[in-house]
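Chain letters run A, B, ... following the sequence lines, proteins first and then strands; every chain starts at 1.
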2 protein chains.
Amino acid sequence: MRLPAPAFRESVAPGSMVDVRRSNLALVLGAIAGSDPGLHPTRAQVSAATGLTKASVSSLVLDLLEAGLLRELGLTARGERGRPGVGLALNTLRAVMGMEINVDYIAAGVLDLSGTILFKEVRECDNRGAQPDSVLAELALLAARARSTVGEQGVEVVGGGLAVPGLTGPGRARILAAPNLGWTDVDLDLGALLPEAPLVVSLFNEANAAALAELRHRPGDDADFLFVSGEVGVGGGLVVGGELFTGPAGNAGEVGHVVVDPGGNRCSCGGTGCLETVAGQDAIFAAAGLPPGTGRSAAMRSLLDALAGGNAQARAAVERAGTHLGIAVASTARVMDIGAVVLGGHFAVLDEWLKGPLLAGLARYAPGRVADGDVTVAAAGEWGAVLGAAGSALRSLVDAPYLLQE
Amino acid sequence: MRLPAPAFRESVAPGSMVDVRRSNLALVLGAIAGSDPGLHPTRAQVSAATGLTKASVSSLVLDLLEAGLLRELGLTARGERGRPGVGLALNTLRAVMGMEINVDYIAAGVLDLSGTILFKEVRECDNRGAQPDSVLAELALLAARARSTVGEQGVEVVGGGLAVPGLTGPGRARILAAPNLGWTDVDLDLGALLPEAPLVVSLFNEANAAALAELRHRPGDDADFLFVSGEVGVGGGLVVGGELFTGPAGNAGEVGHVVVDPGGNRCSCGGTGCLETVAGQDAIFAAAGLPPGTGRSAAMRSLLDALAGGNAQARAAVERAGTHLGIAVASTARVMDIGAVVLGGHFAVLDEWLKGPLLAGLARYAPGRVADGDVTVAAAGEWGAVLGAAGSALRSLVDAPYLLQE
DNA sequence: CCCATATAGTTCAGGCAATAAACTAACTGC
DNA sequence: GCAGTTAGTTTATTGCCTGAACTATATGGG
């Protein structure tokens, strides 16, 4: 059984026994959440996995059952010697919602506490330059529909997360800048998305959320990787020790603005020669001699067709993007001491043509640091941001189950 | 009174009341360590600052006194109404030692728990290609001398840290690679440096240690900055939220190997166009048309003379280094979301000529991110690594005072 | 000089959380 | 049906923090 995330919370406040209780509630819940799917651990197994005594586990499990976070299954291990234990599982009648606002769509998805997807819906719409309030209202409608749909099966949504393509913070309810939406300094009323949900809705950068989704698909606890997502811009998310690294103000991971070509073009961020100016969607299309697409799937298809058809200009454009991606990853890998890369967005779609140049770039600029097998394609696909935002709410809940007590 | 660093330790082990005790011991000790120098807080003030009751503080302080971490001063606040309190201070008869092995010297320094420097000594010697064991033995002699010197005043050294110019880990007692020493995969017997000291000696990268020293000189608790140190190579240390960011394997912050010139020269690390190939000492001297120095002070003086004398080639070399340093810092700032830079090593010495090009580079490659006033020169100077290594031991002690109990 | 007032620090009963050990519960296998 | 085995609960104990009462030590006014 996998041991769960760190238990004791950092604090400058005096510690007392309620902290011990909270820490151990998280420890128990984490042990159950992290057990292999399908294997529903018993109190005795949780006791062995966590090091807590059976008595303590019993008491903690009781609290978690009362909080509605766990449920008891039937007796397990029939056929073995001795009294069979009672299997414990996360309560699948509790759920979290992931939401996303992007350039040309809004989306919502509901995951139950075990991580099963209960609901998924996208609404295509053009949000470029749209009023934040109206987009948020639209999303609230979508969220309400999602909630009532799962509600019919008795599932309660207790919290969620929202992913947006831009810089967030401070205070986790504000978009500082979302250039592709044309939004600047927008305060969001996140509470309106899930009215009366017991937990707050938190805000994420889209690439950070997608990185979190990737984290759930990784084996092991101490994942370390750089997630790089190719979109109109180039986003990134850093996962260090199984945690999203957000930096002091919450906007770490902006790999798209690592300088890869000091003598290069001006970037939308005001800088020069950023990765985005070479490997962003518009840059690749321009270099490939293709018109920039409005709906991203259609445009991407034309690029893929060109590549498959042996179009030299298209191949050169992607190769150039790959090499420069290699430079950015090499620099980031050295600064962050990270040795694995996950490709998302169009980088995932272009994997076949991109990976060679990327590995060549890595070999040239940071030899011996990122092995071939350490460059992988995002598992979560297009739903990464939604699933990551939801998954993050899931994880906060597992790490702080006391929030749902009483 | 400043509140101290986070108290509750992260843990995957069951929490119990001893964790509460340890956390609160650290809270109390941290409050006293973090109080303004000269102001020795009383139990009542500690109680107010931490939120612990007077009863708890009394009990915790008693433990800390018995562990030899605190001492009581005379009565304070005479002249005020009411019973005067007893001032508490860190026990200045306990101390930690910072040590450094570098290319052309070894050094040791002793700090008492209040941070006062009690002893400082450098021994010049050429460690290039020397046997690690013999260098360590030499350092152990220096450490022993330091210990007996402060010992004569009744000061006991309880722990320490060692800084080395190379990559460390895993396990914090191993040098993976120290190119300028010619060392690879060296296991260090750190215990031999401070025999019978109750706390272990920890190992740091030199630039990381210097970054920690810088942290002590910063006002406020939540410092975030990138420390960049120019030596033969270019080292770096990342401080995020008042903590050294070490990355998954302990070697984050290697700003020297950020790619700043994709078409540039081969680096000693095997990469291409790393910052080090432009802004390392050898690179600057070569570009300036000066012979690479053996003793660094002498060589640096000739460069400074050339700069002051208006030598155009020397100025161009430093300007080039500054601009490219700007590129590396711009990339790092975006990835790590950091907005302040501290210059150390020869970057500090060359500040006058370097800062202009550096700021210009930052303005070009990451506009609006690092303000002019956010680029500062290291306060700790040449002793940064030693002071940082010692300071880190100090901090571990304040964060985990229970280690010295019994 | 004495006493009111104010603040510092200690003592003590109470509550809570984890532990260990004893106990009850439920199943297998002979 | 009973021994053996494992699951989970009950109970006594320990340790730590809290709040309130208490002691200690100062100032200052009459």
Touch class at under 4.0 angstrom, heavy-atom based, for B:Val86 against every strand present: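 Here B:Val86 touches the backbone only, sparing every base.
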Interatomic distance where [atom1] belongs to [X] and [atom2] belongs to [N] [whole Å]:
X	N	atom1	atom2	value
B:Arg81	C:dA8	CZ	C1'	15 Å
A:Lys54	C:dA26	NZ	C1'	13 Å
A:Arg43	D:dT10	CZ	P	11 Å
A:Leu65	D:dG8	CG	P	12 Å
A:Gln45	D:dG8	CD	C1'	13 Å

Note: B:Glu152-B:Arg147 ion pair, threshold 4.0 Å (strictly below):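 Judged by the 4.0 Å cut-off on N to carboxylate O distance, B:Glu152 and B:Arg147 do not form a salt bridge.
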Salt-bridge present (B:Arg395, B:Glu243; N to O < 4.0 Å):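 Yes.
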Selected nucleotide, minimal atom distance to B:Ala44 side chain, candidates C:dA17, C:dT11, C:dG9: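 The answer is C:dG9.
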Options D:dT25, D:dA7, C:dC27, nucleotide nearest the side-chain atoms of A:Pro84: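 The answer is C:dC27.
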If the cut-off is 4.0 Å, is [X] near the phosphate of [N], judged by side-chain N/O to OP1 or OP2?
X	N	value
B:Ser47	C:dG9	no
A:Arg21	C:dC16	no
A:Asn24	C:dA18	yes
B:Ser16	C:dA18	no

Distance-only donor-acceptor test, B:Arg83 side-chain atoms vs D:dA24 base atoms, 3.5 Å: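 Answer yes: a donor N or O sits under 3.5 Å from an acceptor.
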Polar side-chain atom of A:Glu156 near backbone of A:Ala95 as donor-acceptor pair, under 3.5 Å: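 Flag not set: sc A:Glu156 to bb A:Ala95 has no pair under 3.5 Å.
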Heavy-atom check, side chain of B:Val157 versus side chain of B:Leu194, under 4.5 Å: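 They are in side-chain contact.
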Along DNA chain D (nearest heavy atom to each residue), the more 5'-positioned of A:Ser58 and A:Met17: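 The residue whose closest nucleotide sits nearer the 5' end is A:Ser58.
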